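Positions are given from 1, in the same order as the sequence printed here. Computed from a predicted structure; not experimentally measured.
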Amino acid sequence: MKRLLLSLALAFPLAAATAPAALAQQAAPATSAASKQVLENGTRILSTLQQRRAEFQKSPAALRAFIDSELSASFDREYAAKLVLGPHGRGASEADVKLFADAMVDSLVQQYGQALLNIQGRPRIQLKSEEPLPNGRGVKVATEVVRDGGSPIPVIYLVRNNGGWKVFDVQVEGVSYVQTFRSQFDTPLRQKSIAQVAADLRSGNLQPSKTE
């Protein structure tokens, strides 16, 4: 569960969160537009996955098209890619950053996209707190995923207002998506250009590690 959340929560906000009715109940006490947006994205994603499960199981292309449309609405992929690239991205062209961002997301979709259709049970998300990030970088939305028969899982979303509130990092049980991928891609980026690493991601020669 943690591995799936860490790898997917940034790309598919709250996809592993809760049933639509339960999530809607949590939206009311949200303290700002940022929290409300995080919750509403989860409602829309999970509701569609449930309604179109049979279709998506038969057509991976339809699933990918749906995921791609959601990424545009809820995930600041290029800003996240810049954070993952870190010093390797200094001076990089916007075209190279976009190339890397798209390749990183596509690699995750290939590894985990189908797993979204296999989410079992009725976990529920609870909004815990919200606070501004330093230097006006955005907002930290702290949540907790509560599962039947399991311990609650703390999930923190870092979001910023970029044509709407969009996620750029996720921390699951204290493990940051951005920091994890930044560490994993550091060596390849020392050895190759951003475009070459992006090509390796697309070809499958390089894959993000499946964090436990």
Side-chain angles (χ1 to χ4, degrees), residues 2 5-17 26-42 44-45 70-105 107-108 125-145 152-190 193-195 197-198 201 208-209 211:
K2 177 181 175 181
L5 277 167
L6 178 60
S7 301
L8 288 182
L10 178 57
F12 317 112
L14 303 185
Q26 291 294 332
T31 57
S32 78
S35 295
K36 183 177 180 180
Q37 187 66 56
V38 168
L39 296 175
E40 287 180 349
N41 285 344
R44 182 181 62 253
I45 292 171
E70 288 298 331
L71 293 180
S72 298
S74 58
F75 175 38
D76 199 338
R77 68 168 81 187
E78 291 179 30
Y79 183 66
K82 289 179 181 180
L83 296 178
V84 170
L85 288 169
H88 303 293
R90 291 173 187 163
S93 68
E94 291 299 316
D96 275 351
V97 172
K98 185 178 187 305
L99 194 67
F100 179 78
D102 291 345
M104 184 172 64
V105 170
S107 178
L108 285 173
I125 187 165
Q126 298 178 348
L127 179 63
K128 303 297 290 184
S129 64
E130 175 188 303
E131 62 182 271
L133 293 171
N135 303 317
R137 292 178 59 232
V139 176
K140 179 171 76 171
V141 180
T143 71
E144 189 174 69
V145 177
I153 301 174
V155 181
I156 294 174
Y157 292 88
L158 304 187
V159 300
R160 71 178 195 140
N161 198 341
N162 181 21
W165 289 101
K166 296 185 178 182
V167 176
F168 65 86
D169 193 12
V170 176
Q171 299 170 7
V172 179
E173 295 184 336
V175 180
S176 162
Y177 171 102
V178 165
Q179 292 301 322
T180 296
F181 279 71
R182 187 169 177 171
S183 176
Q184 290 181 6
F185 290 129
D186 180 62
T187 297
L189 287 167
R190 288 179 184 275
S193 69
I194 292 174
V197 172
L201 278 168
S209 299
T211 305

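A 4.5 Å side-chain heavy-atom check between Tyr157 and Asp169 finds every atom pair outside the cut-off. With contacts defined as side-chain heavy-atom distances shorter than 4.5 Å, the pair Val170/Val172 qualifies. Contact annotation: the side chain of Val97 never approaches that of Ile194 to less than 4.5 Å [non-hydrogen atoms, C-beta and beyond].
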Leu201 vs Phe100, side-chain contact (heavy atoms from CB on, under 4.5 Å): CA-CA, chis, key distance, verdict
CA-CA 8 Å; Leu201 278 168; Phe100 179 78; 4.1 Å; yes

May I have the step-by-step check of side-chain contact (heavy atoms from CB on, under 4.5 Å) for Val175 and Thr180, ending in yes or no?
CA-CA 7 Å; Val175 180; Thr180 296; 3.4 Å; yes

Evaluate the side-chain contact (heavy atoms from CB on, under 4.5 Å) criterion for residues Val139 and Glu131: first the C-alpha distance (whole Å), next the side-chain angles of each, then the deciding distance (0.1 Å), finally the verdict.
CA-CA 6 Å; Val139 176; Glu131 62 182 271; over 6 Å; no

Please walk me through it: do Ile156 and Val141 pass side-chain contact (heavy atoms from CB on, under 4.5 Å)?
CA-CA 6 Å; Ile156 294 174; Val141 180; over 6 Å; no

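Nearest heavy-atom pair, Ala101 versus Ala81, reported as atom, atom and distance to 0.1 Å: CB-CB, 3.5 Å.
The closest side-chain donor-acceptor pair between Gln171 and Ser176, if any, does not fall under 3.5 angstrom.
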Ignoring hydrogens and angles, write down the donor-acceptor pairs under 3.5 Å from the side chains of residues 159-166, residues two or more places apart or on other chains.
unit_1: Arg160; atom_1: NE; unit_2: Asp76; atom_2: OD2; d: 2.7
unit_1: Arg160; atom_1: NH2; unit_2: Asp76; atom_2: OD2; d: 3.1
unit_1: Asn161; atom_1: OD1; unit_2: Gly164; atom_2: N; d: 3.2
unit_1: Asn162; atom_1: ND2; unit_2: Asp76; atom_2: OD2; d: 3.1
unit_1: Lys166; atom_1: NZ; unit_2: Ser72; atom_2: O; d: 3.2

Would you give me the side-chain donor-acceptor pairs under 3.5 Å for residues 87-94, sequence neighbours excluded?
unit_1: His88; atom_1: NE2; unit_2: Asp186; atom_2: OD1; d: 2.8
unit_1: Ser93; atom_1: OG; unit_2: Asp96; atom_2: N; d: 3.1
unit_1: Glu94; atom_1: OE2; unit_2: Lys82; atom_2: NZ; d: 3.4

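Qualifying ring-ring contact (aromatic ring centres under 6.0 Å, His included) partners for Tyr79, counting only residues two or more places apart in sequence or in other chains: Phe168.
From Glu78, atom CD reaches atom CG of Leu83 across 12.5 Å, with rounding to the nearest 0.5 Å.
The aromatic rings of Phe185 and Phe181 are tilted relative to each other, their planes meeting at an angle between 30° and 60°.
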